[in-house]
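The structure appears below as structure tokens.
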Amino acid sequence: GGVAVSAIDRSALRQGAGVALLFAVPFSIASRWLADHDDGSPWVPVLWLLALGGFTLGAGVAAWVQRTGFPMLHGLVCAGGTYLVAQTVFVVAKLLRGGEVRWLGIFFTFTVVLFVGVIGGGLGSMLQKRGIMPGGRAMP
């Protein structure tokens, strides 16, 4: 048996996704643009790592604020889901402009984003276990 849908705290996912989109997407766009326009720029990997940091942060927030007892699941779903939604928009825009989509690159980055989602989930879980709750909320 899998985890029930009731194990998902939608509010926590929305909060985490908001943070991920705010921090990860601008760096992701900048990294992609620079890679397309300035081949070999040393800033491409820096921006890519900053984007991963944004996904980690968003996953951590989702894991930290969730109230169902599944912080790792929330980290994973938040990071992976946010990446897929943003990437879908990028792919559609690129296809409409007649650009080439690098499917292998998308898949590779998705696996890395899932990995940082687990890291974010672990960080959010650690905060909860230490009794550090968002907004001064007491542990139940």
Side-chain angles (χ1 to χ4, degrees):
V3 176
V5 174
S6 63
I8 299 293
D9 182 336
R10 285 175 173 43
S11 172
L13 287 180
R14 277 193 302 276
Q15 291 177 62
V19 170
L21 289 172
L22 181 67
F23 289 98
V25 172
F27 290 122
S28 185
I29 291 170
S31 171
R32 179 80 263 139
W33 184 87
L34 204 55
D36 289 345
H37 292 87
D38 184 7
D39 202 26
S41 169
W43 287 103
V44 172
V46 172
L47 292 167
W48 191 76
L49 288 172
L50 288 169
L52 288 180
F55 285 113
T56 307
L57 187 61
V61 167
W64 186 36
V65 302
Q66 59 79 36
R67 297 178 184 204
T68 59
F70 294 97
M72 301 300 278
L73 176 66
H74 283 79
L76 195 65
V77 170
C78 176
T82 305
Y83 174 78
L84 289 177
V85 167
Q87 201 58 51
T88 299
V89 172
F90 297 152
V91 166
V92 168
K94 193 158 213 168
L95 290 173
L96 288 175
R97 289 193 323 262
E100 178 189 340
V101 176
R102 297 184 182 109
W103 296 107
L104 193 59
I106 291 170
F107 178 74
F108 169 75
T109 303
F110 181 60
T111 60
V112 175
V113 166
L114 289 177
F115 178 72
V116 301
V118 170
I119 291 171
L123 293 172
S125 178
M126 277 186 349
L127 287 173
Q128 275 195 351
K129 285 187 174 119
R130 295 212 167 125
I132 302 168
M133 295 303 290
R137 209 170 69 214
M139 257 324 262

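Residue numbers run from 1 in the order of the sequence given. Keep in mind that the numbers below use all heavy atoms, side chains included, and drop hydrogens, waters and symmetry copies.
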Please check: side-chain N/O of Trp64 versus main-chain N/O of Ile132, any donor-acceptor pairing under 3.5 Å?
yes
Is Leu96 atom CG crowded by more than 12 heavy atoms from other residues, nucleotides or ligands, each under 6.0 Å away?
yes
Looking at every non-hydrogen atom in both residues, tell me the closest pair between Leu34 and Ser41 and how far apart they are.
CD2-OG, 3.3 Å
Using modelled atom types only, decide if a donor and an acceptor are shared between the side chain of Gln128 and the backbone of Gln66 within a distance under 3.5 Å.
yes
Would you give me the side-chain donor-acceptor pairs under 3.5 Å for residues 69-94, sequence neighbours excluded?
from: His74; atom 1: ND1; to: Phe70; atom 2: O; distance (Å): 2.7
from: His74; atom 1: NE2; to: Asp9; atom 2: N; distance (Å): 2.8
from: Thr82; atom 1: OG1; to: Cys78; atom 2: O; distance (Å): 2.6
from: Tyr83; atom 1: OH; to: Gln87; atom 2: OE1; distance (Å): 3.3
from: Tyr83; atom 1: OH; to: Ile106; atom 2: O; distance (Å): 3.2
from: Thr88; atom 1: OG1; to: Leu84; atom 2: O; distance (Å): 2.6

Are Phe23 and Phe110 co-members of a hydrophobic cluster defined by side-chain heavy atoms under 4.5 Å apart?
no
Measure the spacing between CZ of Arg32 and NE2 of His37 and express it to the nearest 0.5 Å.
10.5 Å
Test of understanding: clusters of I, L, V, M, F, W, Y form through side-chain heavy atoms closer than 4.5 Å, transitively. Do Trp43 and Trp48 belong to the same one?
no
What are the two closest heavy atoms between Ala20 and Phe55, and how far apart are they?
CB-CD2, 4.2 Å
Consider only side-chain heavy atoms of I, L, V, M, F, W and Y, link residues closer than 4.5 Å, and tell whether Ile29 and Leu21 are in one cluster.
yes
If two hydrophobic side chains count as joined below 4.5 Å and joins carry through other members, does Leu123 share a cluster with Phe115?
yes
Atom pair OG1/CG of Thr109 and Leu114 - distance to nearest 0.5 Å
11.0 Å
same_hphob_cluster(Leu50, Val116) at 4.5 Å side-chain heavy-atom cutoff
no
Using the test salt bridge (charged side-chain N to carboxylate O under 4.0 Å, His left out), find all partners of Asp38 that sit at least two apart in sequence or belong to another chain.
none
Looking at Ala51 and Phe27, what are the two nearest heavy atoms and their distance?
N-CB, 3.6 Å
Quick check on side chain to side chain contact (heavy atoms under 4.5 Å, CB included): which of Ser28, Pro26, Ser31 does Leu47 satisfy it with?
Ser31
May I ask you to test the Leu104-Arg102 pair for a side-chain heavy-atom distance under 4.5 Å?
no
Working to the nearest 0.5 Å, report the span between CZ of Arg97 and CG of Leu95.
9.5 Å
